[in-house]
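Got a structure here, written out as structure tokens. Questions coming.
Note that the numbering runs from 1 along the sequence shown for the chain.
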Amino acid sequence: MRNQTLIGIVAGAAAIVVAGSLFKKKRDKAASRETAARNQEYKGKLNNLQRKAQREMRHADDGSNPAVDRVNQWVNAPH
């Protein structure tokens, strides 16, 4: 009787460990996908900023940098 009880307890503990590791793996995959999606979003934003900066540099007529002018206007504006 004791052996059967002991075997049942050990089997239950093993099942809990296996289930826990499966849930952890699933949670880690979800977190990894979320991080990858966030990184892709930032990459897209950076690409847009880079294209916009290149476009502004191409269209600068007088050799000034419109991005620097915009930053200066923002910094000097009353907040």
message: Measuring from atom CD of Q4 to atom CD1 of I9, what distance do you get when rounded to the nearest 0.5 angstrom?
response: 12.0 Å
- prompt: Roughly how far, to the nearest 0.5 Å, is CD of E34 from CG of N39?
  reply: 10.5 Å
query: Is it true that a side-chain atom of T35 and a backbone atom of A31 form a donor plus acceptor pair closer than 3.5 Å?
result: yes
- request: Find the distance between CZ (R27) and NZ (K24) and round it off to the nearest 0.5 Å.
  value: 6.0 Å
From N47 atom CG to K52 atom NZ, the distance as rounded to the nearest 0.5 Å: 14.5 Å
